Every structure is written in C-alpha cells, then in structure tokens.
Protein chains: 2
Amino acid sequence: MGFIITFKKTQKILLLMIYDCVIIGRGPAGLSAAIYLARANKKVLVIGKENKIWKNEVNINNYFGIGEITGKLLMEKGEAQAKSFGTEILNSLVTKISVDEKGLFNCLANSKEFTSKKLLIATGSSAAKKEIINQEDFIGRGVSFCVPCDGFFFKNKKVIVIGNGEYALEEAIELLNYTNDVTLVSNGKKLSFDKKLLDDKEIKFEEFIIEKIIGEKKVEGIKTNKEELKIDGIFIASGNADSNDLARMLGLLVENNKIIVNSEMKTNLSGVFAAGDCTPGFGQIATAVAKGAVAGLTISKEI
Amino acid sequence: MGFIITFKKTQKILLLMIYDCVIIGRGPAGLSAAIYLARANKKVLVIGKENKIWKNEVNINNYFGIGEITGKLLMEKGEAQAKSFGTEILNSLVTKISVDEKGLFNCLANSKEFTSKKLLIATGSSAAKKEIINQEDFIGRGVSFCVPCDGFFFKNKKVIVIGNGEYALEEAIELLNYTNDVTLVSNGKKLSFDKKLLDDKEIKFEEFIIEKIIGEKKVEGIKTNKEELKIDGIFIASGNADSNDLARMLGLLVENNKIIVNSEMKTNLSGVFAAGDCTPGFGQIATAVAKGAVAGLTISKEI
C-alpha cells in the first residue's frame, strides 16, 4: 500500500481533527465507554450501525435498576446519555483500521478516514465465518481472513475474495497492492453495495457458489457449481468486518474468537482496548456495560 | 462453642427453610445477583441495611441506559426489580457467618439464623479498622479481628473486645466459649445497642479510651486514659461486620482489604462467592452490577 499516500492523508486529517478515542461498536459496551470518556471531556466518536437485535421489541428485565425495558428503548436512552456529554455517533461500519507511524489509529468508515489517539473495539460477539465446507483444512495454506496480514504472501498470484459486502470490496481493493488477478466471489449472494463501485477497479466479479477447495497440501483451486478453477489464494471477507477481522488487522491476540484483554480492558497492542462481548466472559448487558465503563476509565487516564 | 447446640439449631431450620442463596449486602452488586438468581427461580434472601450513601440525593449519570437518576431512586428501582422476581430482603446487619458440617451456611442477623446452600458476600468496600495507634505492631501477637478464627488461642486468658455495636457484642459473646474474662471496651464511644443486652451475660463493660498497647513481643496490657491494665488479648470489632470480618470468619483469601475471586466470582471456599466493591477492581455502579450478575449466573448453575 502507498505509504506516502497514507502519510499525506493522515497529515491532512491531523489539521482537521484527531479524536481522543474512536469506539468501534454501538452496543452497551461501546456506549458505556463513550459515556465515561465524554463525561471526562474527551473527544469521542462512536462508529457503528444500529444492531438489529436491539431494534426488536425484546424485553430486558435483568439489568439492575431499570425494571423492564425494551432493548430498543434502552439503546435509545443509552445513546442519548452518551450524546448528552458530547459523544459523536456515526451510523456506519468500519471496514479497515490501521496504526500509522505516529501511533495514531485510522479507521475507514463511509469511505472517510477517522484518526484517533486511542481505539476501543466493542463490536460484540463474532463467530468464525464459514463459507466453504473444507476451509478449515486450508487455513494458513492458502485460506486467509485478513489482507493486511497475509496479502503480502500472494504477490502476483491468482486470488479470490469471498464476500458480498463493503468489507469484501475493501479487502479486494487492498489486494490490488499485491496482485492484479483479484476476483470478488459473492458465493451465490447478491452484492449489498452498488456494483458500479467495481467498474473503475481492476477487480473481476463472479456470483458462483463455491462447493469445495481443491488441493493437496495447499489451495490449488476451487470447485464451483459451474466449473473447476485454478487459484492460489482465498480471502474470506463475508459479512461485515467483525471483531476478529479488526483484531487481525492490528495483530491483536485472539483466542476462541474473543479478543484477549487484561482487567483494565487493554489488548496486547498499546493504545488499543476491547470491551463487551468481543472479549472473553459472560455475555450480558450488565457485563458489557461494566467492561465499557472500565475501558472508558482506563483510556481517560491514559490520554 | 457448643457444637451440639449449633447442630440442633441447624436441624430446626432445615425443617423450616433453606435458602438457595443468602446475599449479604444490599447495594447494586447484591441486588443485581438477586435479580439473576430469583429470575432463575432460586430462593434468595438479601440481608443488609440501607446504605447511607444511597440515601443521599446524589445524581448518578454514568450508568448506561438510565440517563440521570438519584442514588436513592436507582436503589428503590433495583430493589423493586429484585422483589418482583421473588427476592426477600431483610433490613438487618449480619454479625456472624459459619459453615456447618453439611456444608450449609448460617448467617446470624436480627438474632435469627438463616441457612443457605450458597453464600454471596457483597458488602461493599471496607477499610482496615484502626482503633489503637500501635495496633499494627501487635497483629498476630495478641491483636486479632476475628473471634471464630483466633478465640481458641485465648483460652482462660484476659481479653478485651473493642467496639460499640452489635457486632462487638456478638464477638464478646462468642469469646465466652473460650474464657470467662471478657471485657467489652467502647473506646470512648456510646453503645449503639441496648446496654441491657449485657446484663445476663458475664461480659464486663468499660467506656475508657485506649491510648496504646503495652508489650515487648506481644500484648501485655493497655494504657487507657484512666489507668494501665494487664491483658492478654485484644479483639477489634468496631463498626459493623464488614467484608473483611466476614471473610475472616470463613477463612477467605483477602488481599489489600479485598476478597480474592476468580472470573466467575468464586472465592477460595466452595459455595462462597463475593461481588462488588469488596472484590478487587474498579469501584463503579456498572462494575458492581456486572459482578453481581456474574455471581448470580454462576451460583444459579451450581444449585
């Protein structure tokens, strides 16, 4: 990737705005952290899409002090509370994060870059993404989940990116830094972004369904519902960039799909924190709120 | 202490009621645990006095989803929520806890014994109790904080119990199992219980102020504002029985005045859990609520 370009971009944004903390994720953990940070006069941006589970009229009655409330109303109250202290909220997904040479974090969302001193990942739980029946057999042998991590190993090779969303598009674009032979495969699904976005990129597109990976010791090809194709690498980027994907982009320690943190919600990378269901432990609103609070307190002290 | 009497008492209560869990402490941690337990159809008793800090009209605005609320109202809502699932609440202090030969826990409160399968300590933070200027020099050398732990070492010795509340009275009564020479010393304070309660007990009472402990390698006496007295042992039981005292009665691991727990809120003693500000970590409503929730979930699974 063009180092100089990134540097220039960062410089431009430096003049505009550096957030004290960008929080990725808009659930109870992220918003609880935002409340603590904004209340302590920190400049905070929460980036996240409204979570569908909170949109439902599910009744919550085990969160202390609130009696019975719908998930929707609880989230509305929590967001209003975070905003009342000055938190900004951006209704978007984050498709990429990186750390620059100054130790600042850059988040790509809505095709814009947002720069911050600290980063909190609070994207909720994420399951391992299963796209092809035998993908497990080829992880590290041609199957990867992270272009910034492994793209380098596919220089001038023939690779596919599996996915139908913006995240897959970002991964495919990123791959062009390493090879010109990139195909986006929607694996039978409809694209969730405007197909025109592909037009000015040198990315091929296929809708076929992948039935299995072919290969002895490493990926040699794929069998689709139409044909057999020779390829060298497969990047799985289905759905949105979840906590596992974001963690991989930064090199965070992940075990059993959870980001490893200490009691202060610090990850293994300085300046990066994680809270809520993307970290180990009980997945309750109460625990997410507490982890967010602890992350907020810890980050406040560090800024 | 009369083993047979304890056994008979337990037997009587067995016929009446065994709670699944007794929760000592009536703050956010204790009540959050009660919500989880009672909601899971467990028989729960919360024992605690209303905490003065919650009585004040202090505004809380950093607890996710609740906007701004007074501590008083938050606690009222939390108690109503716990009761709505069947939690019983007893407005009392616990002065003694013990575990019987069947592994059941007995809590003494309001001069009654309450029996449970599991025990949760959620009594909030507690500071080390300082009654005499040089008491630190004599801890383990005649100064103790726990009659059930150390009373045995003062058989037929001359001992004093420092304190002016029910907890001190209980400790003094307990000491009579080991020695007949027990003096309750209020250390200049007024008794907070009816002095008549002392009349039928063979406990002496003094109001003097202790200026310092006298002794070479161990307690040999005390210098009061009136005289010098020869004594063998001092039990400090000022204030109420707090988490440290309760922990000592059961032999729980305590570090820096906090009860040590694992990520599931289990202490080192099977069946005993601790949550909230009496455990290590950040002392926030959010964290207390989460720890209570985790304790409640863990205990539910064990019953």
Side-chain angles (χ1 to χ4, degrees), chain A residues 27-40 54 60-85 261-265 275-276 279-298 300-301, chain B residues 27-40 54 60-85 261-265 275-276 279-298 300-301:
Chain A
L31 290 167
S32 178
I35 288 167
Y36 271 80
L37 282 161
R39 206 165 162 272
W54 301 116
I60 293 160
N61 62 8
N62 61 2
Y63 180 53
F64 171 83
I66 210 133
E68 188 160 325
I69 194 169
T70 63
K72 189 171 187 275
L73 186 56
L74 180 63
M75 292 309 295
E76 280 170 12
K77 288 180 91 169
E79 288 207 359
Q81 197 175 346
K83 282 180 182 168
S84 76
F85 297 114
V261 287
N262 71 5
S263 62
E264 296 182 308
M265 301 296 129
T279 63
F282 292 84
Q284 296 289 310
I285 293 173
T287 51
V289 168
K291 287 172 175 176
V294 169
L297 282 169
T298 312
S300 289
K301 279 184 206 158
Chain B
L31 289 168
S32 177
I35 288 167
Y36 272 79
L37 282 160
R39 204 164 163 274
W54 302 115
I60 293 160
N61 62 9
N62 60 2
Y63 180 53
F64 171 83
I66 209 133
E68 188 159 324
I69 194 169
T70 63
K72 189 171 186 273
L73 186 55
L74 179 64
M75 293 309 294
E76 280 170 12
K77 288 181 92 170
E79 288 207 357
Q81 197 175 347
K83 282 180 182 169
S84 76
F85 297 113
V261 286
N262 70 5
S263 61
E264 296 182 308
M265 300 295 131
T279 62
F282 292 84
Q284 297 288 310
I285 293 173
T287 52
V289 168
K291 287 171 176 176
V294 169
L297 281 169
T298 313
S300 289
K301 280 184 205 158

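Keep in mind that this is a model prediction, so the values were computed, not measured. So that the names make sense, note that chain A is the first sequence line, chain B the second, and so on, each numbered from 1.
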**Student:** Can you give me the closest heavy-atom contact between B:Gln284 and A:Leu297, atom names plus distance?
**Tutor:**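 Shortest heavy-atom contact: CG-CD1, 3.7 Å.
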
**Student:** Which heavy atom in B:Thr287 sits nearest to a heavy atom in A:Ala290, and how many Å separate them?
**Tutor:**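 For B:Thr287 and A:Ala290, the tightest heavy-atom pair comes out as CA-CB, 3.7 Å.
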
**Student:** Select one option (side chain, backbone, both, neither) describing which atoms of B:Ala293 are under 4.5 Å from chain A's heavy atoms.
**Tutor:**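 The side chain, not the backbone.
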
**Student:** Taking all atoms of both residues into account, what is the closest heavy-atom pair of A:Asn61 and B:Gln81, and its distance?
**Tutor:**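 Smallest heavy-atom distance, with atoms named: O-NE2, 2.9 Å.
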
**Student:** Who among B:Ala82, B:Ser32, B:Gly67 has the most heavy-atom pairs with chain A under 4.5 Å?
**Tutor:**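 With the most close heavy-atom pairs to chain A, the winner is B:Gly67.
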
**Student:** If I measure from the heavy atoms of chain B, does A:Tyr63 come under 4.5 Å with its side chain, its backbone, both, or neither?
**Tutor:**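 It is both, since atoms from each part get that close.
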
**Student:** For the candidates A:Phe85, A:Tyr36, A:Phe282, A:Phe64, which exhibits the highest count of non-hydrogen atom pairs separated by less than 4.5 Å from chain B?
**Tutor:**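 Among the listed options, the one with the most contacts to chain B is A:Phe64.
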
**Student:** With chain A as the partner, which of B:Leu31, B:Val294, B:Thr298, B:Asn62 has the greatest number of non-hydrogen pairs under 4.5 Å?
**Tutor:**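 Of the candidates given, the most pairs with chain A belong to B:Asn62.
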
**Student:** Determine the option with the most heavy-atom pairs under 4.5 angstrom with chain A, choosing from B:Glu68, B:Glu76, B:Lys77, B:Lys291.
**Tutor:**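 Answer, by heavy-atom pair count under 4.5 Å with chain A: B:Lys77.
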
**Student:** Nearest 0.5 Å, what's the CD1-CD1 distance between A:Ile69 and B:Ile66?
**Tutor:**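 So the CD1 of A:Ile69 and the CD1 of B:Ile66 are separated by 8.0 Å.
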
